[in-house]
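In what follows, a structure is listed as C-alpha cells, so that the remarks can point back to it.
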Amino acid sequence: MAEEHPCQTPEGHRLCVNNCGFFGSSATMNLCSNCYGDLCLKNQQQASMKTTVESSLSAASPPSSEIAQIYAAELQIPATEKQIPTATEEQQPPQRPNRCTVCRKRVGLTGFMCRCGTTFCGTHRYPEVHGCTFDFKSVGRVEIAKANPLVIAAKLQKI
C-alpha cells in the first residue's frame with residue numbers, strides 16, 4: 001500500500017508560480033486565473049503602448065519622398081503668396097437669429113426659417129401672417145417648368 005502524504009498536492013494540481021496560494025494549470029503557464037488575467041492585461045498594455053510609440057514616431061518623421069515634395073512645393077510658391085489662416089479669418093457658420101422678426105420673441109431652436117430669409121416664431125411662421133415678400137408663384141412656375149420639359153415631336157416631311 002502506498003503511503004499518502006497529506007502535505008503534498010496531487011500531480012495534476014500545482015500551486016501558482018506567483019505563490020498567491022491558488023492552484024495553477026499548465027494551460028495558464030502554471031498561474032492561477034487571477035494572475036494569468038493580470039499577465040494578459042499587462043501584455044496587452046505593453047503592446048498598445050508599443051504601437052502608439054511607433055505610430056507617433058512614423059508621423060513625426062515623414063518619408064524622404066514626402067519631404068522632397070514639400071520642399072519642391074515651397075520652391076514653386078513664393079513666400080509672399082503664402083498665407084496661413086488664423087482662427088479669426090476662418091469662416092464660421094452663419095449664426096441663426098434667435099428672435100422672431102415680427103414680435104421679437106426668443107425662438108431658440110424652435111424658430112422657423114421662411115423662404116424670404118428671416119426667422120419667425122410659431123405664430124408668425126406662415127407667409128400670410130408676417131407679410132412675406134417672397135414670390136412663391138414664380139418659383140413654383142420655374143420648378144414645374146424644370147420638372148416637365150416641353151416635348152416636341154419631329155415633323156414629318158410631306159411626300
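Side-chain atoms are counted along with the backbone in the values below, which use heavy atoms only and exclude waters and symmetry mates. Along the sequence shown, residues are numbered consecutively beginning with 1.
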Do [X] and [Y] have side chains that get closer than 4.5 Å, going by heavy atoms?
X	Y	value
Pro127	Phe134	no
Met29	Leu39	yes
Val102	Phe120	yes
Lys42	Asp38	no
Cys103	His124	yes

For the residue pair [X] and [Y], what are the closest heavy atoms and their distance?
X	Y	value
Val129	Thr123	CG1-O, 3.7 Å
Thr28	Tyr36	O-CD1, 3.5 Å
Gly111	Thr119	CA-CG2, 4.1 Å
Cys32	Phe22	CB-CB, 3.7 Å
Arg99	Val107	N-CG2, 4.0 Å
Asn30	Arg14	OD1-NH1, 3.5 Å

Self-check item: Euclidean distance, Asn18 CG relative to Asn34 CG, rounded to 0.5 Å
Solution: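 Between atom CG of Asn34 and atom CG of Asn18 there are 10.5 Å.
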Quiz item: Transitively linked via ILVMFWY side-chain contacts under 4.5 Å: Val142 with Val139?
Solution: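 Not linked; separate clusters.
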Exercise. Could you please spell out the steps behind the side chain to side chain contact (heavy atoms under 4.5 Å, CB included) verdict for Cys100 and His130?
Key: CA-CA 10 Å; Cys100 175; His130 69 262; over 6 Å; no
